[in-house]
Structures are given as structure tokens and as C-alpha cells.
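The structure displayed is predicted, hence computed values, not measured ones. First listed ligand is number 1; within each ligand, the first listed atom is number 1. In what follows, residues are counted from 1 in the order of the sequence shown.
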Amino acid sequence: ISFLPPKKVKDYHVWLIFTKVTERSPLRYKFHNLLENILNISTVSLKFHIIVDNSSKYLATNEISDVVSHSNKPIYYKFYDVEICAKAIEDIVEVLTPHFSSKPGTYYSDALFFISLGLYRIAPVSQTRAVLLDCDLYFKQDIRLLFEEFSRFKTTALYGLAPELTPVYKHVLQIYKSKHNSTFGEYYHLKNITSHMPHPKGFQGYNSGVVLINLSAIRNSKEYSVIIKNETVTSLTAKYKFRGHLGDQDFYTLLGFEYPHLIQTLHCGFNRQLCVWWRDHGYRDVFNFYFKCKHPTVILHGNCNTKIPK
Ligand code: UDP
Ligand code: MN
């Protein structure tokens with residue numbers, strides 16, 4: 001009998017995307033603030049994996065040096081070239097872009113929106129799990145809490161995501177919903193529970209600003225390789241008359257409804273979005289039912305360029 005080495009559960013891999021950045025982009029200070037924030041609040045030793053283009057890499061290096069010089073902690077990091085990453089997930093991007101991208105078309109820009117779905121090919125195989133974070137986040141509590149969610153994953157879960165906190169999917173699904181009485185795109189509520197329905201309490205969809213990725217499970221999943229094929233994606237989008245523009249999170253939202261075993265739902269405090277755009281664009285009456293989050297906030301997400309209150 002030989003004993004296998006213990007699983008490397010102590011690896012804390014954080015992936016960030018930092019591309020198309022210029023001297024003046026807001027993304028520069030968002031990146032700076034997030035690194036500083038995570039470094040201050042984390043009780044575990046993290047490894048950062050940063051996807052960059054050539055000019056952004058130079059700016060990232062400067063920001064990292066600046067954060068390190070003002071703190072007494074080191075930052076372990078590695079850069080990955082966005083064009084190489086895009087190449088590695090070309091087939092996935094080609095399948096998903098026509099359904100989930102606003103302006104299909106240029107260079108590697110499409111690939112950026114779908115990195116999380118192909119990260120299992122980009123990350124070294126020694127990484128068994130990783131989190132992919134937007135740069136417009138602020139941690140109110142230890143990032144260790146986020147990694148601890150992996151241990152709550154149901155055995156079939158490949159990804160962990162928190163709910164989308166706006167009615168965007170009610171909007172996207174309005175044609176389908178005009179013909180079908182469905183809880184898809186409806187807010188989570190406790191009325192009208194019928195146990196035979198898959199999401200009797202309403203399903204708002206997912207937001208991909210914070211993504212937990214069970215890399216080894218995805219690499220081993222026969223089902224996943226079928227799910228990202230054109231036939232599956234085309235039939236899913238046809239069924240729901242779904243045409244989105246939010247990239248990977250549109251796809252996770254469809255999976256969450258149709259293949260709920262693949263996704264672990266994190267509570268809304270792990271991705272407390274702040275964007276209120278939909279409140280002022282036709283959904284004032286229901287907005288708050290979607291936006292409310294009764295869980296304690298671990299991560300604030302200043303999406304659609306919303307200022308994060310500190
Ligand atoms: N991003 C990037 N370059 C860009 C725009 C976005 O690298 O020009 C990355 C960055 O990591 C950012 C993420 O993509 O956090 C998602 O964009 P953003 O957070 O602005 O979208 P939102 O959350 O507002 O939908
Ligand atoms: Mn964001």
C-alpha cells in the first residue's frame with residue numbers, strides 16, 4: 001500500500017486580468033487598490049497570476065512595486081500573455097461569442113470575456129483550484145473565506161458563483177418568458193414554492209466578477225467538454241431565445257438553470273455588486289427584490305464603474 005501525498009489544499013491561486021490599460025485608465029488604480037486591499041486583509045499566502053498584454057504588463061509591474069514598497073509583505077506573481085491565453089481557448093471563444101458578446105470581432109478582446117471557461121487549459125496542471133477576480137473589487141473580509149467555499153462544493157460542481165443582483169436576465173429572457181411561465185430570470189423569493197420546479201424560488205442568474213474554479217474537476221469532466229461544444233450551446237440559447245452580452249456569466253446563467261449540478265451557488269455576500277443601472281432603465285418597481293443581499297458582505301464589487309464606499 002502506498003500513500004498518496006495529501007491534496008495541495010493550501011494553494012491559494014488568484015487570477016486577474018489586466019489588459020488594454022493605459023497611463024490614464026481607471027483600471028490602473030483599481031488594480032493597485034485591490035492588490036493593496038487583498039495583501040492587507042489576507043491571512044493566507046497567495047499566488048497571483050496576471051493575464052496581461054505587453055504594454056499593460058509594464059504598468060502592472062509599476063503598480064505591484066508601488067504596493068510592495070508601501071507594505072511589509074511580498075507579492076508572489078506571474079504574468080501570462082493574453083495572446084497565448086486567447087489562442088489556448090480559441091475554440092471556446094468561437095462557440096460562445098456569437099451568443100454572449102456585444103460586439104463580436106476584434107483581436108483577443110473577445111477571449112477576455114471567456115477566460116474563466118478555459119482557464120483549466122491556461123493554468124499549470126499543478127493548480128487544482130483557482131479563483132478569478134475582477135479588478136473592481138474590495139474585500140471587507142479575509143480572502144481565505146472565499147477559498148473555504150471550495151470545501152462546500154457539491155461533488156458535481158465545477159464552478160462557484162454568486163448571484164447576479166440586477167434584473168438583467170429577466171430582461172434578456174423576456175421573449176422566452178412571454179411564452180413560458182418560468183422562474184428563470186425571476187428574483188429569489190419564498191412564495192409560490194412548487195417542489196417539482198428546478199428553481200422554485202426564482203433564479204436571477206450569476207455574476208462572474210468572482211469565480212471559483214475547480215480546475216482538476218473540469219479537466220476530468222467528460223460532461224464539460226460536451227457542454228462547451230457548439231451543438232450544446234446552440235440548443236441552449238435557442239431553447240431560451242437567449243442573446244446576451246455579458247460573456248462568461250451569460251453562459252454560467254444558462255448552465256445554472258439547465259445543469260444546476262455543475263455550479264455551486266455562493267451567497268451574495270461573496271460578490272456584493274453595486275451597479276444600479278437597471279433601476280433607472282425600466283426596472284424600478286422590481287429592482288430592489290434583485291439587489292437586496294441579506295448575507296454579510298465579504299466582497300464588494302464596484303461594477304459598471306460604481307464607486308465603492310469604504
Ligand atoms: N478588464 C481588462 N481590460 C479592460 C476591461 C476589463 O483587463 O479594458 C478586466 C478587468 O480585470 C476587469 C474585468 O475585465 O475587472 C471585468 O470588467 P469590469 O469589472 O469593468 O466589468 P463589470 O464588472 O463592470 O461588468
Ligand atoms: Mn467588475
**Request:** Among all protein heavy atoms, pick out the one at the shortest distance from atom 24 (O) of ligand 1; state its residue, atom name and that distance to 0.1 Å.
**Result:** C304 N, 2.8 Å

**Fill in**
for atom 5 (C) of ligand 1, nearest protein heavy atom and its distance come out as L27 CD2, 4.4 Å

**Request:** Return yes or no for this condition: an N or O of L133 is under 3.5 Å from an N or O of ligand 1.
**Result:** no

**Request:** Give a yes or no answer on whether the side chain of T156 reaches the backbone of H261 with a donor-acceptor pair at less than 3.5 Å.
**Result:** yes

**Prompt:** Of the protein's non-hydrogen atoms, which lies at the shortest distance from atom 8 (O) of ligand 1, and what is that distance?
**Reply:** T19 O, 3.6 Å

**Message:** Using a distance threshold of 2.8 Å, state whether an N, O or S atom of C135 lies below it from the Mn ion (ligand 2).
**Reply:** no

**Message:** What I want to know is whether N303 and ligand 1 share at least one N or O pair that is separated by under 3.5 angstrom.
**Reply:** no

**Asked** Y224 ring centre to R219 NZ or CZ under 6.0 Å, with the angle to the axis within 45°?
**Response** no

**Request:** Considering only NZ, NE, NH1 and NH2 on the basic side and carboxylate oxygens on the acidic side, decide whether D53 and K57 come within less than 4.0 Å.
**Result:** no

**Asked** Any protein heavy atom lying closer than 4.0 Å to atom 14 (O) of ligand 1?
**Response** no

**Prompt:** If you measure from the Lys or Arg side-chain nitrogens to the Asp or Glu carboxylate oxygens, is any gap between E83 and K87 under 4.0 Å?
**Reply:** no

**Asked** Of the non-hydrogen atoms in S182 and F257, which two are nearest, and what is the gap between them?
**Response** OG-CZ, 3.7 Å

**Request:** Looking only at protein heavy atoms, identify the closest one to atom 17 (O) of ligand 1 and say how far it is in Å.
**Result:** D134 OD2, 4.3 Å

**Asked** Do the numbers put R129 on top of the ring of F153, so that NZ or CZ is under 6.0 Å from the six-membered ring centre and no more than 45° off the axis?
**Response** no

**Request:** Tell me which N, O or S atom of D134 sits nearest to the Mn ion (ligand 2).
**Result:** OD2

**Request:** Name the closest protein heavy atom to atom 10 (C) of ligand 1, giving the residue it belongs to and the distance to 0.1 Å.
**Result:** I17 O, 3.4 Å

**Asked** Quick one: does E164's side chain have a donor or acceptor within less than 3.5 Å of a partner on Q204's backbone?
**Response** no

